[in-house]
2 protein chains.
Amino acid sequence: MTGRARPAGADAPPLTERQEERRRRILHASTHLAGRGGFDAVQMREVAEAAGVALGTLYRYFPSKIHLLVATMQDQLQHLHATLARHPPGGADPADRVAETLMRAFRALQREPHLADAMVRALIFADRSVSQEVDAVSRQTTAIILDATGLADPTPQQLSAVRVIEHTWHSTLITWLSGRASIAQVRADIETACRLIDLPAEGPPGGEDAGGAARSPSGAR
Amino acid sequence: MTGRARPAGADAPPLTERQEERRRRILHASTHLAGRGGFDAVQMREVAEAAGVALGTLYRYFPSKIHLLVATMQDQLQHLHATLARHPPGGADPADRVAETLMRAFRALQREPHLADAMVRALIFADRSVSQEVDAVSRQTTAIILDATGLADPTPQQLSAVRVIEHTWHSTLITWLSGRASIAQVRADIETACRLIDLPAEGPPGGEDAGGAARSPSGAR
DNA sequence: CGCTAACCTAGAACAAGTTTCAGACTTGAT
DNA sequence: ATCAAGTCTGAAACTTGTTCTAGGTTAGCG
């Protein structure tokens with residue numbers, strides 16, 4: 001909780017080969033344990049043992065369980081993005097393409113519900129100390145969705161729509177994972193949210209001054 | 001973790017007066033501790049002490065910290081719903097009224113960000129063992145939103161829109177609470193999601209068979 | 001080679017959520 | 001009033017995330 005020195009500003013010091021290797025083993029162990037058993041099954045001692053590193057070392061690489069799982073998600077998202085790039089969606093308009101992409105991702109997660117559980121629960125439970133990493137995941141997700149739209153130059157409304165779609169994606173996934181929504185409902189809600197992409201711009205003069213770049217300026221650092 | 005016998009099917013056995021009183025003290029302590037310090041500050045030992053009950057008793061009333069915080073949220077939502085009923089929103093169309101209602105709720109939460117943190121993090125982190133309680137919160141939230149629309153007889157699309165709005169509400173709140181979104185962004189995203197309410201129906205024959213009642217039928221029990 | 005700083009390991013220790021247990025107290029029915 | 005069942009208390013124990021420490025290893029460098 002203490003938020004130790006983590007100069008992860010943009011570039012951690014470059015890792016040696018052995019270190020890259022360790023990091024990979026840790027992420028692999030995390031993915032594996034998450035795959036059976038979900039969030040609760042990812043126990044730091046077990047991750048350390050499975051990865052063949054000491055507990056202290058695990059904590060040097062990932063300062064908390066949440067950091068570890070968010071990094072695992074980043075890892076998985078990279079695979080996903082690469083896969084999707086090879087098979088772009090074929091829908092007629094942007095909304096259809098986004099919905100198709102997300103449903104494809106959803107079917108992939110259905111095959112690994114425990115892994116999905118671990119990653120998404122970590123992502124949404126993360127507090128300020130994980131802001132940077134969560135933000136990275138968010139950017140990656142946004143990139144995937146924007147890729148799917150095929151839009152070169154989205155309007156601020158569309159960016160807001162993308163955020164709403166992301167929110168819906170995470171939240172509906174959680175709802176499904178904890179057995180409170182059917183798959184049909186997940187699909188319906190994702191398609192509903194995706195309709196926002198195609199919406200014509202609306203111009204109430206007082207409104208949206210919160211365009212894309214409105215990151216929280218100071219945060220807590 | 002074990003999911004002990006909790007016959008909370010629909011009606012716990014009616015509590016005696018002393019028991020109601022204890023329950024109230026516990027919720028009060030929880031609210032108070034959450035108000036200072038958020039999720040992490042709600043420590044079960046401290047709640048028990050502040051409420052003047054033994055730890056074991058606390059766990060008899062609320063089988064986990066998550067259950068406790070979700071119940072706290074239910075409590076707060078009741079107040080909110082009552083308050084809102086006294087001052088209905090004044091927007092022109094349903095979307096405006098919903099957005100106004102949610103922004104009003106959001107301003108209330110701004111005054112107690114720690115409490116909001118504790119409740120919302122618990123709500124979205126909850127796993128299957130808390131399904132019932134989370135579902136109750138969800139129903140209550142849906143009721144608040146539907147009240148705001150003023151719609152007597154919402155279409156399935158509108159119900160899906162309401163769910164998307166709820167997802168957005170929770171998720172954007174988390175994003176704000178962990179310092180990754182500005183208030184302007186929260187407002188923009190809520191307004192964006194609310195536009196779905198006013199959308200004309202769309203009729204792709206293959207689509208939404210996941211109307212309102214599609215609760216997961218069996219769950220994991 | 002020999003030094004030094006950074007890194008790693010094993011293991012203990014600590015913190016907070018959760019469980020357990022023996023005994024005291026309440027309650028309701030006889 | 002008395003008994004049985006259920007509840008509450010206080011305290012210890014257990015689990016898992018996290019931190020700390022002492023000593024061994026590695027990597028770069030003179």
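Because only heavy atoms are used, hydrogens play no part in the values below, and waters and symmetry mates are left out as well, while side chains stay in. These numbers come from a predicted model, not from an experiment. Chain A is the first sequence line, chain B the second, and so forth, proteins listed ahead of strands; every chain is numbered from 1.
Nucleic acid contact for A:R60: sugar-phosphate only, since backbone atoms but no base atoms lie under 4.0 Å from a heavy atom of the residue. As judged by a 4.0 angstrom heavy-atom cut-off over every strand, A:Y61 is placed among residues touching the sugar-phosphate backbone only. Here A:R22 lies in heavy-atom contact (under 4.0 Å) with sugar-phosphate atoms only.
Considering every non-hydrogen atom in both A:H167 and B:S171, the closest pair reads ND1-OG, 3.1 Å. Scanning both residues, A:W176 and A:A181, for their nearest heavy atoms gives CD1-O, 3.3 Å. For the residue pair B:H81 and B:Q140, the shortest heavy atom distance occurs at ND1-NE2, 3.5 Å.
Donor-acceptor pairing under 3.5 Å is recorded for the side chains of B:H67 and B:S64. There is no side-chain donor-acceptor pair under 3.5 Å between A:S178 and B:D127.
Screening residues 100-109 of chain B for side chain to side chain donor-acceptor pair (under 3.5 Å) gives B:E100-B:R104 as the qualifying pairs, with residues at least two apart or on separate chains.
The distance between atom CD of B:E21 and atom C1' of D:dC8, rounded to the nearest whole Å, is 15 Å. In this structure, CZ of B:R45 is placed 13 Å from C1' of D:dG10, rounded to the nearest angstrom. As a whole-Å value, the separation of B:I26 CD1 from D:dC8 C1' is 11 Å. One atom, CD of A:Q43, and another, P of D:dT16, lie 4 Å apart when rounded to the nearest Å. For the pair B:M44 CE and C:dT18 P, the interatomic distance rounds to 6 Å; values are reported in whole Å. Between A:K65 atom NZ and D:dT15 atom C1' the separation is 12 Å, expressed in whole Å. Between A:F62 atom CZ and D:dG17 atom C1' there is a gap of 16 Å when expressed in whole angstrom units. Atom NE2 of B:H67 is separated from atom P of C:dT19 by 11 Å (rounded to the nearest Å).
Across residues 48-59 of chain A, A:G52, A:V53, A:A54, A:T57 each have a non-hydrogen atom less than 4.0 Å from an atom of DNA chain C (numbered order).
The residues A:R187 and A:E191 are annotated as salt-bridged, a charged nitrogen and a carboxylate oxygen being separated by less than 4.0 angstrom.
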Verdict with reasoning, A:T168 to A:D189, per side-chain hydrogen bond (donor to acceptor under 3.5 Å, both in side chains): CA-CA 7 Å; A:T168 301; A:D189 291 357; over 6 Å; no

Take A:Q157 and B:T192, measure what side-chain hydrogen bond (donor to acceptor under 3.5 Å, both in side chains) needs, and give me the verdict at the end. CA-CA 8 Å; A:Q157 276 96 23; B:T192 298; over 6 Å; no

Using the 3.5 Å cut-off, write out each protein N or O paired with an N or O of nucleotides 27-30 of chain D and the distance between them.
none

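Of the two residues contacting DNA chain D, namely B:Q19 and A:V42, the nearest-nucleotide position lying further toward the 5' end is that of B:Q19.
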